[in-house]
Amino acid sequence: MIKKNKLTGLWTVVLLFSLFSILTACGSNEPVSQATEAAVTKETEAPSPATKADPTAEPASAALPKEVRIGFQIIPNAELLAKALGLAEKKFPDVKVTWVPFDSGRDVNTAFAAGGIDLGLAGSVPVAIGLANDLPYSVYFLHDVIGDNEALAVRNSAGINSVKDLVGKKIAVPYGSTTHFSLLSALKQEGVDPASVSILDLQPPDIVAAWQRKDIDGAFVWQPSLAKLVADDGKLLISAKTLSEQGIITADVGIVGKKFAEQYPQFVKDYVAVLDEAIALYRSNPDEAAKAVAPLLSQSEADTLTQLHELVWLNAAEQQGAKYLGADGSTSGFAQVLEQTGQFLVDQKTIPSAPDAAAYQQGIWNESLKH
């Protein structure tokens, strides 16, 4: 069963996000990740955002910042490829580009609450939670639509052949993540009470370790951790792609601090152009893209190529339509996905409340796609 203190911890995180506090991981006694600590520490050392009252601050009209802090995750998409190839550094030679690693979107939320990063990547679920709690960021890009890159892996010896067989089993997932949402959605689809499953809150590295110790029967997680489970007596039960075909859509989302976007809109647009460059490279030469990204994933180029293909990569032009961010003047379809996600989380009592559709529409900053 999901322990009461787990849910209480998650509610506490959501409430304290709105106060912009530095918190530990949701529903556990684990310390904030080293990546989050680094981001927060860096913020305390950095000057405050420019304001009109500060005569020494960088003028709001400045086209480029002196430094940008980008929170990233080890996910085989265009941003990781751009990092591997140094495309941002080449595009912005006069800007110090600092890459801050995170294990999951909830830690990215914590870093934004603390003002520790300027841009970040988080799944659609933590972004829905963040916007519901007025975290100071906006969606500027969709790094990928999640497909087979996220899936529920179960141990062959656990006797699990369907979602209904998860009853009484120990299943790990990072709380507040897209995989957490997918797991709860899969249980709901099959009429399985989440309380009948022992759902454990673990980050991807901890999931791999718990799997190796045989402490868990399964896990809903993303690559490259997913491949490690499958290679060690595991099999796939259901993927995010299967769920998306049933209308349960998840994505990895690019978010930018509101003040940063207001002060440096051209930088954000130019960074989107960097991501488009990475997407074009992947589409024209996927083998070269896999070669560049493989070292960051600590795996072979062949495995990396497979995982690159498991995600849907969309460039800025493709994201402008109504189905995604709506930069062509239409309503953002992705904002509706966030609204549905927020309502699902309320129904599951994961968060106490969620805003209406207008709040999620306001959380989309699609000017970044127009370049």
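Basis for what follows: all heavy atoms, side chains included, without hydrogens, waters or symmetry-related copies. As the structure is a prediction and not an experimental result, all values here were calculated from the model. Here, residue 1 is the first one in the sequence, and each next residue gets the next number.
- Aromatic rings of Phe141 and Tyr271 (six-membered ring for Trp) have centroids beyond the 6.0 Å cut-off, not under it.
- Between Glu310 and Glu150 there is no side-chain heavy-atom pair separated by less than 4.5 Å.
- Under the 3.5 Å distance criterion, the side-chain polar atoms of Asp356 are matched with a main-chain donor or acceptor of Ala359.
- Within the cation-pi definition used here (under 6.0 Å to the ring centroid, within 45° of the axis), Arg155 qualifies as a partner of Trp211.
- Using a distance-only test at 3.5 Å, with no hydrogens or angles considered, no donor-acceptor pair links the side chain of Ser244 to the main chain of Ile249.
- Ring-centre distance between Phe72 and Phe102: not below the 6.0 Å cut-off.
- Remark: Lys235 NZ is packed, more than 12 non-hydrogen atoms of other residues, nucleotides or ligands lying under 6.0 Å away.
- Put simply, the side chain of Asn109 gets close to the backbone of Pro126: a donor and an acceptor are under 3.5 Å apart.
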Exercise. List the steps and the verdict of side chain to side chain donor-acceptor pair (under 3.5 Å) for Gln73 and Glu79.
Key: CA-CA 9 Å; Gln73 295 188 53; Glu79 184 163 71; over 6 Å; no
Quiz prompt | Steps toward ring-ring contact (aromatic ring centres under 6.0 Å, His included) verdict (Phe334, Tyr360) | solution = CA-CA 9 Å; Phe334 185 69; Tyr360 288 112; 9.7 Å; no
Side-chain donor-acceptor distances from residues 336-345 under 3.5 Å, at least two apart:
from, atom 1, to, atom 2, distance (Å)
Thr341, OG1, Val337, O, 2.8
Gln343, NE2, Asp347, OD1, 3.0

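- A donor-acceptor pair is defined here as one N or O able to donate and one able to accept, closer than 3.5 Å; such a pair exists between the side chain of Trp313 and the backbone of Leu308.
- Formation of a donor-acceptor pair under 3.5 Å by the Asp303 side chain with backbone atoms of Gln299 is not found in this model.
- Proximity of a side-chain donor or acceptor of Lys169 to a complementary backbone N or O of Ala158 within less than 3.5 Å is detected.
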Exercise. Under the side chain to side chain donor-acceptor pair (under 3.5 Å) rule, what do Thr98 and Glu67 come out as? Steps first, then yes or no, please.
Key: CA-CA 7 Å; Thr98 300; Glu67 178 183 5; 2.8 Å; yes
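- With Asp232 contributing its side chain and Lys228 its backbone, the two residues share no donor-acceptor pair below 3.5 Å.
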Practice problem: Kindly indicate, with the supporting measurements, whether the criterion side chain to side chain donor-acceptor pair (under 3.5 Å) is fulfilled by Asn77 and Tyr282. | Solution: CA-CA 9 Å; Asn77 57 25; Tyr282 162 68; over 6 Å; no
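- For Lys323, the NZ atom is loosely surrounded, since the number of other residues' heavy atoms within 6.0 Å does not exceed 12.
- With a 4.5 Å cut-off on side-chain heavy atoms, Tyr137 and Trp365 do not count as touching.
- Using modelled atom types and a 3.5 Å distance limit, the side chains of Asp270 and Gln266 yield a donor-acceptor pair.
- To the nearest 0.5 Å, atom CG of residue Asp193 and atom CG of residue Leu187 are 9.0 Å apart.
- Here the side chain of Thr110 pairs a donor or acceptor atom with the backbone of Arg106 at under 3.5 angstrom.
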